[in-house]
Amino acid sequence: MSAFNPGDMLSYSAGSTQTGPDGFRKINRAGLPLLGLLRQLFPAVYAPFGTRLPLVLNAYPASVGFPTDGVLVDCYLSFRTASRALQLAAREGLPVLILGQSLFIAELLRRHQSQGFAWPDALIALVGGYHTPLSLERAMQATVQSAGVSLGFVHGYGAAEVEAGMLLASERNAQGQLRYRARGADIHISTPGGRLHLALQNADGTLRSAPFDSGDSARADSDGWIIENAGSRLSPAVLNALESWTAHDWSRRTGYLRSVDGTLHMQLREGALSDGTHELGFYAYAERFGMSWLEKPKWG
């Protein structure tokens with residue numbers, strides 16, 4: 001039984017398969033100097049922000065804590081609210097850090113563009129929850145490029161029961177795999193049997209809790225870590241299919257798909273028309289397989 005205190009804030013995983021009351025973590029209400037951390041770890045990605053005050057747009061379907069060095073807007077996964085925040089940032093000259101899952105952010109950028117709204121001149125997407133294909137990164141950058149907007153990516157990896165964003169990545173190796181690094185000295189990484197275990201540690205190296213088995217594999221690579229998702233989370237066949245999509249494909253498809261007898265059935269965005277037998281209209285797909293922007297795609 002966990003000990004609770006007044007003011008405690010608990011957060012469950014956005015995509016946990018657990019249905020019971022456990023599996024939460026306590027949010028650090030003191031916050032995190034998130035922008036400073038990104039500036040230190042990924043100076044090239046952060047460079048378009050310069051020394052300006054950033055707006056941090058939380059579009060993640062779970063609480064990930066409080067950045068202490070930016071103006072925080074929580075959109076509660078409302079596309080309209082998120083778009084208004086982008087317009088505010090454009091008017092005030094603020095660069096924007098978006099926290100979210102990549103399929104939601106892709107849809108947000110597409111909707112914002114379709115309305116002809118003003119853009120902030122610099123965006124960084126801090127994405128997590130599941131793997132973001134390189135093809136989707138490029139498609140999202142193509143969406144904003146015509147407006148003269150720079151869009152950088154930082155990928156976060158964490159264990160819902162321990163902490164969000166424990167490892168961060170902005171570069172890929174020659175095979176397109178992300179190279180992660182610990183966000184700071186408070187992160188403990190171990191790989192018994194090749195399995196990635198994560199824990200928080202104190203300044204003296206003692207662990208605050210037993211290492212948590214992420215279910216994924218990891219290996220050291222140069223000055224970072226290569227993480228390979230379990231097949232139940234990310235099938236190599238599904239990843240290969242997603243990486244084959246062009247920017248035009250991503251402009252028409254949400255990224256939600258389902259494999260039936262080895263055939264991928266893909267959901268189209270609202271208003272897009274099918275050009276193949278395995279593409280389903282937005283609502284036809286939802287009726288058959290279910291779909292919510294709050295949920296992770298089933299890419300296993």
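For this chain, numbers begin at 1 and follow the sequence in order.
- More than 12 heavy atoms of other residues, nucleotides or ligands lie within 6.0 Å of CG in Asp204, so this atom counts as buried by the packing criterion.
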Exercise. I would like to know whether Glu163 and Arg208 meet salt bridge (charged side-chain N to carboxylate O under 4.0 Å, His left out); could you show each step before the answer?
Key: CA-CA 12 Å; Glu163 177 71 297; Arg208 302 179 196 174; over 6 Å; no
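- Going from atom CG of Leu99 over to atom CG of Leu34 covers 6.0 Å, rounded to the nearest 0.5 Å.
- Residues Ile105 and Met140 meet the side-chain proximity criterion, which asks for heavy atoms closer than 4.5 Å.
- Considering every non-hydrogen atom in both Ala169 and Leu178, the closest pair reads CB-CB, 4.1 Å.
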Quiz item: Hey, mind stepping through Gln101 and Val127 against side chain to side chain contact (heavy atoms under 4.5 Å, CB included) and telling me if it holds?
Solution: CA-CA 5 Å; Gln101 297 182 350; Val127 296; over 6 Å; no
Exercise. Test side chain to side chain contact (heavy atoms under 4.5 Å, CB included) on Arg181 and Leu41 and set out the steps.
Key: CA-CA 9 Å; Arg181 65 178 77 173; Leu41 293 177; 4.0 Å; yes
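- With rounding to the nearest 0.5 angstrom, the CH2 atom of Trp299 is 8.5 Å from the CG atom of Leu239.
- Gln267 contributes a side-chain N or O that, together with a main-chain N or O of Phe282, makes up a donor-acceptor pair within less than 3.5 Å.
- The number of heavy atoms from other shown groups lying within 6.0 Å of CD (Glu243) is above 12.
- Nearest heavy atom pair, residue Ser259 against residue Leu264, reads CB-CD2, 3.7 Å.
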Practice problem: Apply side chain to side chain contact (heavy atoms under 4.5 Å, CB included) to Tyr130 and Ser102, showing your working. | Solution: CA-CA 8 Å; Tyr130 47 84; Ser102 53; 3.4 Å; yes
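- Residue Ile227 holds its CD1 atom at 11.5 Å from CG of Asp221, rounded to the nearest 0.5 Å.
- The local environment of CZ in Arg179 is crowded, with over 12 non-hydrogen atoms from other residues, nucleotides or ligands closer than 6.0 Å.
- Between the side chain of Asn229 and the main chain of Arg233, no donor-acceptor pair closer than 3.5 Å is present.
- Remark: side-chain polar atoms of Ser235 are paired, donor with acceptor, to backbone N or O of Ala237 under 3.5 angstrom.
- Panel note: side chain Asp186, backbone Leu200; no donor-acceptor pair is recorded below 3.5 Å.
- Looking at Trp119, its side chain never comes within 3.5 Å of a backbone N or O of Gly148 through a donor-acceptor pair.
- Taking the ring centre of Trp245 as origin, the terminal cationic atom of Arg253 falls inside the region bounded by 6.0 Å and 45° from the ring axis.
- Ring centers of Tyr46 and Phe42: at least 6.0 Å apart, outside the cut-off.
- Between atom CG of residue Leu108 and atom OG1 of residue Thr143 there is a gap of 10.5 Å, rounded to the nearest 0.5 Å.
- Counting only heavy atoms from C-beta outward, the side chains of Leu94 and Phe49 never approach each other to under 4.5 Å.
- Judged purely by atom type and a 3.5 angstrom limit, Gln141 uses its side chain to pair as donor or acceptor with the backbone of Leu151.
- By the 4.5 Å heavy-atom criterion applied to side chains, Tyr180 and Ser170 are not counted as neighbours.
- Within the 4.5 Å cutoff, no side-chain heavy atoms of Asn58 are placed close to those of Val73.
- The number of heavy-atom neighbours closer than 6.0 Å to CZ of Arg84, taken from other residues, nucleotides and ligands shown, is 12 or below.
- For the pair Pro297 and Leu103, the tightest heavy-atom approach, listed with the atom from each and the gap, is CG-CD1, 3.8 Å.
- Under the 4.5 Å side-chain criterion, counting only non-hydrogen atoms from C-beta, Leu86 is in contact with Pro120.
- When all heavy atoms of Leu35 and Pro54 are compared, the closest pair comes out as CG-CG, 3.7 Å.
- For Glu270, the CD atom counts as densely surrounded, since its 6.0 Å shell holds more than 12 non-hydrogen atoms of other residues, nucleotides or ligands.
- Under the ring-ring contact (aromatic ring centres under 6.0 Å, His included) rule, Phe104 has a single partner from Tyr256, Phe79, Tyr60, which is Phe79.
- Cluster annotation: Leu268 and Met266 are assigned to distinct hydrophobic clusters (Ile/Leu/Val/Met/Phe/Trp/Tyr, side-chain heavy-atom contacts under 4.5 Å, transitive).
- Hydrophobic clustering places Trp293 together with Tyr285 (ILVMFWY residues linked when any side-chain heavy atoms are closer than 4.5 Å, directly or through intermediates).
- The nearest pair of heavy atoms linking Cys75 to Thr81 is CA-CG2, 3.7 Å.
- Between the side chains of Ser214 and Tyr157, at least one donor N or O lies within less than 3.5 Å of an accepting N or O.
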Quiz item: For Leu294 and Leu77, what are the C-alpha separation, side-chain angles and deciding distance, and is it a side chain to side chain contact (heavy atoms under 4.5 Å, CB included)?
Solution: CA-CA 8 Å; Leu294 291 164; Leu77 270 73; 3.5 Å; yes
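- Within the 4.5 Å cutoff, the side chain of Ile98 has no heavy atoms near those of the Ile124 side chain.
- In this structure, the side chain of Glu287 does not engage the main chain of Tyr283 through any donor-acceptor pair within 3.5 Å.
- Looking only at distances, no side-chain donor or acceptor of Asn202 sits under 3.5 Å from a matching main-chain atom of Leu207.
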Quiz prompt | Full working for side-chain hydrogen bond (donor to acceptor under 3.5 Å, both in side chains) between His155 and Glu171 | solution = CA-CA 9 Å; His155 302 257; Glu171 300 174 348; over 6 Å; no
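- Contact of the Leu97 side chain with the Leu57 side chain is not registered, since no non-hydrogen atoms from C-beta on lie closer than 4.5 Å.
- A distance of 11.5 Å separates CZ of Arg219 from CH2 of Trp225, quoted to the nearest 0.5 Å.
- Val260 and Leu242 fall within the same hydrophobic cluster, defined by Ile, Leu, Val, Met, Phe, Trp and Tyr side-chain heavy atoms under 4.5 Å apart, directly or through other members.
- Looking only at distances, a side-chain donor or acceptor of His197 sits under 3.5 Å from a matching main-chain atom of Arg195.
- The environment of CD in Gln177 is crowded: more than 12 heavy-atom neighbours from other residues, nucleotides or ligands sit within 6.0 Å.
- Side-chain contact between Leu88 and Leu55: present, with at least one pair of heavy atoms (C-beta onward) separated by less than 4.5 Å.
- Cluster annotation: Leu234 and Leu196 are assigned to distinct hydrophobic clusters (Ile/Leu/Val/Met/Phe/Trp/Tyr, side-chain heavy-atom contacts under 4.5 Å, transitive).
- A salt bridge between Arg52 and Asp121 is present, with a side-chain N of the basic residue lying under 4.0 Å from a carboxylate O of the acidic one.
- Atom-to-atom distance recorded for Thr254:OG1 and Met291:CE is 5.0 Å, nearest 0.5 angstrom.
- Within the 3.5 Å criterion, the main-chain N or O of Arg258 finds no donor-acceptor partner in the side chain of Lys298.
- In terms of heavy atoms, Ile187 sits closest to Met166 at CG1-O, 3.6 Å.
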